Structure formats: structure tokens, C-alpha cells
Amino acid sequence: MGTLPLVEKAGHFLKTAGVTDKRYMVRMAEIQQEIQETGTYTHTKAELEEGARLAWRNAGRCIGRLFWDTLTVVDRRHAATAEEVLEEAVEHLHEADQQGKIQPRITIFPPEQPDGTVPFRFLNHQLIRYAGWETAGDPASRKLTKEAEMLGWKKEPGPFVPLPLIVEEAGGRRIFRELNPGLDFHEVSLRHPEEPAFQELGLKWYRLPVISDMILEIGGIRYPAAPFNGWYMGTEIGARNFADSFRYDKLKACADVFSLNTKSTPSLWKDRALVELNRAVLYSFLEDGVSIVDHHTAAAQFDLFEKQERKAGRQVTGDWSWLIPPVSPAAVSIFHKQYEDLPASPAFLYPDSVQG
Ligand code: HEM
Ligand SMILES: N/C(=N/c1cccc(CO[C@@H]2CCNC2)c1)c1cccs1
């Protein structure tokens, strides 16, 4: 798809979106005309909405695709300043949370221009994430924390200091906006269903995962600022964010809470600590009434997605290595199946990828 002319990418998209016959001919003539005059074309609201939903349906690494056609699409292509983009991003946080009953939502800002100019982009990987220093916080955020400090952002290092939103305009100007805990975003304090001592670990995490550094590509048009959220799968927090040695590295501390024998590898103390950490994540989110899915339920939902896609005559593409959960992977059906990881369009892409 990368090298095809824009008008052919537009045609492929319309067909994927089910536009046929007369409507296809009329719309393609309009698009052809606009491309000839301006070098690009403008999606209708309906095309933008369907395109974003198709990009989710095509996301081969996503286990949560069953709900692809419930995505709420917010058209903010008219945003004219970085200040406006920041305000709309905070609005996204307020609107998607719904007091914990999380709504899958995407806000779409202006597209890349024909000459490749990017009007706005977020420097944040996710709209909500904790800062990182050598001595404290999320190691995954160390680079962005330094960039924020270069812009004048200054905070006392700690484990859960929210990073500011940072937007970069075409031409390189960067502005940032602090996020206020309890107002702009909400957190869940982690406790264990059976072990009261667990809360002494002092762990908490934010409720809303919003990816803000991927490019949404629809019919050859690229949207470099299009933050999207779903809800978490518990393992993301319990088996990666808190468990990875290069993240919060809490397995040993968790094992000590349960007095596990951490001197004996074959005691499987790491595996037992992982399970208890993941049980605490799921228990705490659910008790607070916040949307979250366990990896068994998520895999069962993905099974339904596969059936639904086969029934619709579509091949299910997937990246097996991402679709299997990091806890008990062989206990879910995905592990015992094979998936072709084919590029598709519409799609969510990484910035440096040429595809699309
Ligand atoms: C509704 C609940 C959702 C759940 C539980 C879910 C779950 C996940 C998980 C667990 C991953 C792998 C992340 C990792 O291993 O770091 C993932 C990847 C992904 N998801 Fe979903 N997802 C959901 C909704 C969405 C939505 C709404 C979109 C976009 C509209 C989306 C697009 C993607 C994409 C593009 C990836 C791959 C990211 C990459 O390549 O780095 N997901 N999802
Ligand atoms: N639950 C989620 N999980 C993720 C979905 C996509 C990407 C990520 C984080 O990916 C990072 C890049 C490589 N691993 C971490 C997490 C969602 C975020 C936004 C919508 S659903």
C-alpha cells in the first residue's frame, strides 16, 4: 500500500468500508477532483468514523477487537492551535472515563499535509503516564521526563508523579499542560482480596490507558495525533508495568508480602507473586467499579471476534506474540492457534513506519 497513489488508497478504503456502485463512483470522482486541486482529500464524518473503527478491527496485536464497532469517534480536525489540542485531549480524558465505566474513544486532530508537514503531535506515549527519574518513578518515562524538564516542567521525584501532556506544533514549538489527579484522571489503589499487608506496598495505577503516539491511517490520509483509549487488560499492569525488572520491578516485594521462599527458584515464587499481583489489580479495579478485563475473559471475547469475522467472510489477522497474554499464555485458546500478521489498511502505525 505504501507506494500506491493516493487516489488508489482512497478507492481501497471506500471498498473496505462497503461503499459500492453509484455511491462509489460519485465519491471517487469528488476525491479525484479534490486531489487534483489540493494534493489531498478530506474524509466525510462518516468516512472518518468508519475508518477509525476499521483501523481498530485491523489491529493485529489487539486482543480487544470484539468491540471494534462501538468506538466513539470525535472529529477535532478543525483544531487550530496546540493550546486547543491540549484542551481537547483533557476533554477526551473527562469524557472517556465515565466514572469508571470506560468508553472506547478516539479523538482525531488535523491530518499530515500533502508535503508531509505534521500540524500537531503528542510527545506522550500515553496521555496519562507516570514520570521517571534514575531514583524514582517509571523507568519507561525517563526520556520524556527529561524533555518535559527541558521545557520548564519541574517536580520532586516520586513513584507516581503524572507527566504533563506535551504537544509539538509544525515548526517545533512545544507546549505542555499539567494533569490534575482526581480531576483530569483517576487512579486505583491496589489492595489484595485476601492479604491486608499487600497495601503496604503502596501501589496504585491510573484507570484509563490512552495511546497518543500512533498514526491513524485511513485511505492514504495519515492522522499523527489521534489518541485512543480502551480499558486495561489486568496483565498489562500486573505482569508488565509492575513486574518487569526494567519497570517498577515489584515481584520480590510482592513475594515478601506473602512470605514466599525467594531463595529457591524451583519454588516458583516469581510465578506465585505474579499471580497474586494480577489478582490484586483485577480485584482493586473491579471493587472500585472501573472497567478492566482479565486475560481469560479477554481471550474468550477474542474467540467471539474470530467467529464473527469468519461469519462476515473476513480473515482474522493477528500478531500471535502480542495476542497471547504474559500470564498463563497456554491457558487461553489463542496460544494454540496460528494467525497471519498481514498489513492492512486502515491501520494504526508507528511514526517511523513508511506503510500507509
Ligand atoms: C476496549 C478494550 C481494549 C483492550 C482490553 C485492549 C487490549 C490490548 C492489549 C492488551 C494490547 C497489547 C498491548 C501491549 O502488549 O503492550 C493491545 C494492543 C493494541 N490495541 Fe487494543 N485493546 C482495547 C481497545 C483498543 C482500542 C479502542 C483501540 C483503537 C481504537 C486499540 C488498538 C490497539 C492497537 C493499535 C494495539 C497495538 C499497539 C502497538 O502495536 O504498540 N485497542 N490492545
Ligand atoms: N489496554 C490497552 N493497551 C494497550 C494498547 C495499545 C498499546 C499499548 C502499549 O503498547 C506499548 C508499546 C509496546 N508495549 C507497550 C497498550 C489500550 C490502550 C489504548 C486503547 S486500549
Side-chain angles (χ1 to χ4, degrees), residues 48-74 89 92-93 95-98 100-108 122 124-129 138-141 144 185 205-218 223 226-244 246-247 278 281-282 285 290-302 304-305 317-327 329 332 334 339 341 343-353 355-356:
L48 196 72
E49 179 172 278
E50 189 58 12
R53 292 176 173 175
L54 291 176
W56 182 8
R57 193 180 79 192
N58 288 337
R61 290 172 162 178
C62 181
I63 195 171
R65 287 180 274 168
L66 177 62
F67 306 105
W68 67 272
D69 56 355
T70 69
L71 181 68
T72 296
V73 180
V74 180
H92 182 125
L93 299 181
E95 292 299 314
D97 187 83
Q98 295 192 129
K101 189 163 178 9
I102 292 169
Q103 168 204 72
R105 188 182 184 95
I106 185 168
T107 299
I108 302 176
F122 291 94
N124 311 71
H125 160 62
Q126 293 186 32
L127 294 186
I128 308 163
R129 242 195 169 185
D138 189 345
S141 299
L144 188 61
F185 73 100
W205 202 256
Y206 53 89
R207 307 184 336 190
L208 199 70
V210 195
I211 298 298
S212 48
D213 62 357
M214 294 188 85
I215 296 174
L216 167 61
E217 181 269 324
I218 302 171
Y223 297 91
F228 61 86
N229 76 276
W231 49 80
Y232 265 116
M233 182 160 84
T235 53
E236 301 180 76
I237 303 168
R240 300 304 310 274
N241 301 346
F242 282 132
D244 287 346
F246 48 89
R247 297 291 300 281
N278 279 274
V281 169
L282 291 166
F285 269 67
V290 180
S291 304
I292 194 165
V293 66
D294 67 81
H295 46 297
H296 305 285
T297 302
Q301 290 168 342
F302 188 73
L304 288 181
F305 171 69
T317 65
D319 180 340
W320 186 89
S321 66
W322 276 60
L323 287 171
I324 56 169
V327 174
V332 308
I334 295 166
Y339 301 88
D341 187 16
S345 176
F348 288 101
L349 306 168
Y350 288 143
D352 45 11
S353 66
Q355 206 269 2

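This one's a predicted model, so the numbers in the text were calculated from it and none came from an experiment. For ligands, and for the atoms within them, numbers begin at 1 and follow the listed sequence. Along the sequence shown, the residues carry numbers beginning at 1. These numbers come from the heavy atoms of this one structure, side chains and all, not from hydrogens, waters or symmetry mates.
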Taking the side chain as every heavy atom from C-beta outward, state whether H296 and V332 have any atom pair closer than 4.5 Å. yes

Of P209, A140, C62, the residue with the heavy atom nearest atom 19 (C) of ligand 2 is P209

Among all protein non-hydrogen atoms, which one is nearest to atom 21 (S) of ligand 2, and what is the separation to 0.1 Å? G230 N, 3.5 Å

Tell me which protein heavy atom sits closest to atom 7 (C) of ligand 2, plus the residue, atom name and distance to 0.1 Å. I211 CD1, 3.5 Å

Atom 14 (C) of ligand 1: nearest protein contact (heavy atom, Å): W322 CZ3, 3.7 Å

Would you call T317 and N58 a side-chain contact if the rule is heavy atoms closer than 4.5 Å? no

Distance check, rounded to the nearest 0.5 Å: Y350 atom OH versus D213 atom CG? 8.0 Å

Are side-chain heavy atoms of I211 and H125 found at a separation under 4.5 Å? yes

With a 4.5 Å cut-off on side-chain heavy atoms, are L127 and F185 touching? no

Could you find the nearest protein heavy atom to atom 11 (C) of ligand 1 and give me its residue, atom name and distance? R61 O, 4.1 Å

Compare F348, F302, W231, F67 and give the one whose heavy atom is closest to atom 3 (C) of ligand 1. W231

Closest approach of any protein heavy atom to atom 24 (C) of ligand 1, naming residue and atom: W56 CZ2, 3.3 Å

Please evaluate residues R105 and V74 with respect to the criterion side chain to side chain contact (heavy atoms under 4.5 Å, CB included), reporting the C-alpha separation (whole Å), side-chain torsions for both, the decisive distance (0.1 Å), and the verdict. CA-CA 8 Å; R105 188 182 184 95; V74 180; 3.5 Å; yes

Proximal candidate to atom 13 (C) of ligand 2 [heavy atom criterion; set W322, F348, Y232, W231]: W322

What protein heavy atom lies closest to atom 7 (C) of ligand 1? Include the residue and the distance to one decimal. I63 CG2, 3.8 Å

Closest approach of any protein heavy atom to atom 39 (C) of ligand 1, naming residue and atom: Y350 OH, 3.1 Å

Are F285 and W231 near enough that their ring centres are under 6.0 Å apart? no

For ligand 2, which part of F228 has a heavy atom less than 4.0 Å away: the side chain, the backbone, both, or neither? both

Taking the side chain as everything from C-beta on, heavy atoms only, tell me whether D69 gets closer than 4.5 Å to W56. no

Are the side chains of Y232 and N241 in touch, meaning some heavy atoms are under 4.5 Å apart? yes

Could you list which atoms of ligand 2 come closer than 4.0 Å to a heavy atom of N229? 19 (C), 20 (C)

Does the side chain of P209 reach to within under 4.5 Å of the side chain of E236, using non-hydrogen atoms? no

Restricting to heavy atoms, the pick from R105, M214, H125 nearest atom 9 (C) of ligand 2 would be H125

Can you confirm whether N229 sits close enough to H92 that some side-chain heavy atom of one is under 4.5 Å from a side-chain heavy atom of the other? yes

Number the atoms of ligand 1 from 1 as they appear, then name those within less than 4.0 Å of a heavy atom of N229, with their elements. 27 (C)

Starting from atom 34 (C) of ligand 1, locate the nearest protein heavy atom and write down its residue, its atom name and how far away it is, to 0.1 Å. A59 CB, 4.0 Å

Among non-hydrogen protein atoms, atom 32 (C) of ligand 1 lies closest to F228 CE1, 3.6 Å

Winner among C62, A55, P209, G230 once heavy atoms are compared against atom 33 (C) of ligand 1: C62

Please check if the side chain of W68 supplies one atom and the backbone of A55 the other of a donor-acceptor pair under 3.5 Å. no

Closest to atom 1 (N) of ligand 2 (judged by heavy-atom distance), picking from E236, Q126, M233: E236

Answer side chain, backbone, both or neither: which part of R65 comes under 4.0 Å from ligand 1, heavy atoms only. neither

